[in-house]
Amino acid sequence: MTQEMKGLLLEDRWAPVTSTMGFLELEAEQAAQVFATWQRGLMTPRGITVEVLPVSGPLEQVLSSLLPLTSGETQRELFIPTRSAWTAYVENGCTGTDAASPMSYMARRLSIRGLRVVAVPHTLRGNQGRYGAVMLDVFGPEQPGKIQNYVRAVEVANDGGRWVFEQEGEPFPFEKLEQYQARRVRDRFTFEMLKEYLCHLGLEPFEEDFYMPPGSRAWLIQKTGPFTTPGREYTLEEARAAYVL
């Protein structure tokens, strides 16, 4: 792990699953049930069953319920309670969690806030490693006059070898706006800034004890049936070898 991103969740052992995470300002079971209802509307006509299953235990044991990871269509999603008003979301895609569309939809449907949080160390050396990214996207209810329901987005990413900085929406009062003028693009929104911004929003998502408060349960969305693109299955180690290392 690069020095600039010391302190990633579980020391990044669950990348790519936890490299991108979603968060909803909603209780975990309610979030899972609403999500399952949405998915049943899409999947039932195709003969795919959508179940909501409780999962207990320490965080890594809970994350293990996503295994095996898969290519093709997502087969398992997980809603994890936290020591806050927020519920975490991850899924079992072998290249990592695609949180933007689900969090945007849920925020719009329930008139709540949803987040996409991305923290990927830049480890690319030759053909090995990952392009770095630090992103915070905040979604809300319908935004008048806008197709998407972004409330705020601040992002720095290495786009194929070139660092780019992007922002959208009205800044929060706690943002370090002067930092966005830094000469080096990758310094305009750092991992430390991301953690600070999330703290202002009531989250500590890179701390293991932020998840699974005593007595709580996570909720697994399990889909079974004739997937159009079934893909192949990966162990966590295989996914890390292909998409992380």
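Note that the numbering runs from 1 along the sequence shown for the chain.
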Could you walk me through whether Leu9 and Phe210 pass the side chain to side chain contact (heavy atoms under 4.5 Å, CB included) check?
-> CA-CA 10 Å; Leu9 179 61; Phe210 179 64; over 6 Å; no
Where do Phe189 and Met135 land on the side chain to side chain contact (heavy atoms under 4.5 Å, CB included) test, with the steps shown first?
-> CA-CA 8 Å; Phe189 188 46; Met135 302 179 177; 5.6 Å; no
Closest heavy-atom contact between Asp187 and Ala182?
-> CB-CB, 4.1 Å
Are the side chain of Asn92 and the backbone of Pro68 linked by a donor-acceptor contact shorter than 3.5 Å?
-> yes
Taken in chain and number order and not counting sequence neighbours, the residues that satisfy side chain to side chain donor-acceptor pair (under 3.5 Å) with Ser84 are Thr82
Between side-chain atoms of residues 35-50 and protein atoms elsewhere (two or more places apart, or another chain), which donor-acceptor pairs fall under 3.5 Å?
from	atom 1	to	atom 2	distance (Å)
Thr37	OG1	Gln33	O	3.0
Gln39	OE1	Lys223	NZ	2.7
Arg40	NE	Val50	O	3.1
Arg40	NH2	Val50	O	3.1
Thr44	OG1	Arg40	O	2.9
Arg46	NH1	Glu73	OE1	3.0
Arg46	NH2	Glu73	OE1	3.1
Arg46	NH2	Glu73	OE2	2.8
Arg46	NH2	Thr228	OG1	3.0

Is any side-chain heavy atom of Leu177 less than 4.5 Å from a side-chain heavy atom of Pro171?
-> yes
Does Lys6 come within less than 4.0 Å of Glu11, counting only side-chain N to carboxylate O?
-> no
Residues which pass ring pair (Phe, Tyr, Trp, His ring centres under 6.0 Å) with Tyr131, listed by chain and number, not counting sequence neighbours | none
Start with the C-alpha distance between Phe174 and Tyr197, add both sets of side-chain angles, then the distance that settles ring pair (Phe, Tyr, Trp, His ring centres under 6.0 Å), and finish with yes or no.
-> CA-CA 7 Å; Phe174 53 75; Tyr197 287 14; 5.5 Å; yes
Gly7 to Phe191 - nearest heavy-atom pair and separation = O-CZ, 4.0 Å
Taking it one step at a time, do Arg130 and Asp12 satisfy salt bridge (Lys or Arg N to Asp or Glu O under 4.0 Å)?
-> CA-CA 13 Å; Arg130 292 179 284 174; Asp12 217 24; 2.7 Å; yes
Could you tell me whether the side chain of Thr18 reaches within less than 4.5 Å of the side chain of Leu10, counting heavy atoms only?
-> no
Side chain to side chain contact (heavy atoms under 4.5 Å, CB included) between Leu78 and Ser65, intermediate numbers included | CA-CA 8 Å; Leu78 189 61; Ser65 68; 3.7 Å; yes
Backbone of Ser56 reached by a side-chain donor or acceptor of Arg217 within 3.5 Å = no
Do Asp98 and Thr20 touch side chain to side chain, with heavy atoms closer than 4.5 Å?
-> no
Residue set satisfying side chain to side chain donor-acceptor pair (under 3.5 Å) with Gln167, at least two apart, ordered chain then number -> Arg152
Does Trp163 reach the side chain of Val156, with side-chain heavy atoms less than 4.5 Å apart?
-> yes
Shared hydrophobic cluster for Val134 and Val185 (ILVMFWY, side-chain gaps under 4.5 Å) = yes
Pairwise distance CZ(Arg116) to OG1(Thr97) - rounded to 0.5 angstrom = 11.5 Å
Determine, using ring centers only, whether Phe23 and Tyr89 are less than 6.0 Å apart.
-> no
Any donor and acceptor pair, going by atom type alone, linking the side chain of Asn158 with main-chain N or O of Gly161 inside 3.5 Å?
-> yes
Shortest non-hydrogen pair, Val154 vs Asp137, comes out as N-OD1, 4.4 Å
Do Tyr150 and Phe139 make the cut of ring centroids closer than 6.0 angstrom?
-> yes
Under a single-linkage definition using a 4.5 Å side-chain heavy-atom cutoff for Ile, Leu, Val, Met, Phe, Trp and Tyr, are Leu8 and Leu124 assigned to the same hydrophobic cluster?
-> no
Under 3.5 Å, is there a donor-acceptor pair linking the side chains of Arg240 and Thr235?
-> no
Minimum heavy-atom distance between Thr123 and Gly129, given as atom pair plus value | OG1-CA, 3.4 Å
Below 4.5 Å, heavy atoms only, C-beta onward: do Leu220 and Glu77 meet side chain to side chain?
-> no
Answer whether the closest heavy-atom distance between the side chains of Val118 and Ser19 falls below 4.5 Å.
-> no
How long is the gap from CE on Met212 to CD on Gln61, to the nearest 0.5 Å?
-> 8.5 Å
When rounded to the nearest 0.5 Å, the distance separating CD of Glu170 from CD of Glu175 is 9.0 Å
From Glu29 CD over to Ser216 OG, what is the distance, rounded to the nearest 0.5 angstrom?
-> 12.0 Å
Take Trp14 and Leu236 through the test side chain to side chain contact (heavy atoms under 4.5 Å, CB included) and record every step on the way to the result.
-> CA-CA 7 Å; Trp14 275 85; Leu236 178 62; 3.8 Å; yes
Acceptor/donor pairs from residues 201-208 side chains to any protein atom, 3.5 angstrom cut, sequence neighbours excluded:
none

Between Glu91 and Val17, the two heavy atoms sitting closest are O-CG1, 3.9 Å
Residue pairs passing the ring-ring contact (aromatic ring centres under 6.0 Å, His included) test with at least one member in residues 47-75, sequence neighbours excluded, are none
Could you state the interatomic distance from CE (Met103) to CG (Leu115), rounded to the nearest 0.5 Å?
-> 9.0 Å
Between the OH atom in Tyr243 and the CG atom in Leu69, the distance rounded to the nearest 0.5 Å is 10.0 Å
Pairwise side-chain contact, Val34 with Leu110, heavy-atom cut-off 4.5 Å (strictly under) | yes
What are the two closest heavy atoms between Arg188 and Arg183, and how far apart are they?
-> NH2-O, 3.7 Å
Tyr180 vs Phe165 aromatic rings, parallel, tilted or perpendicular, using cut-offs 30° and 60°?
-> tilted
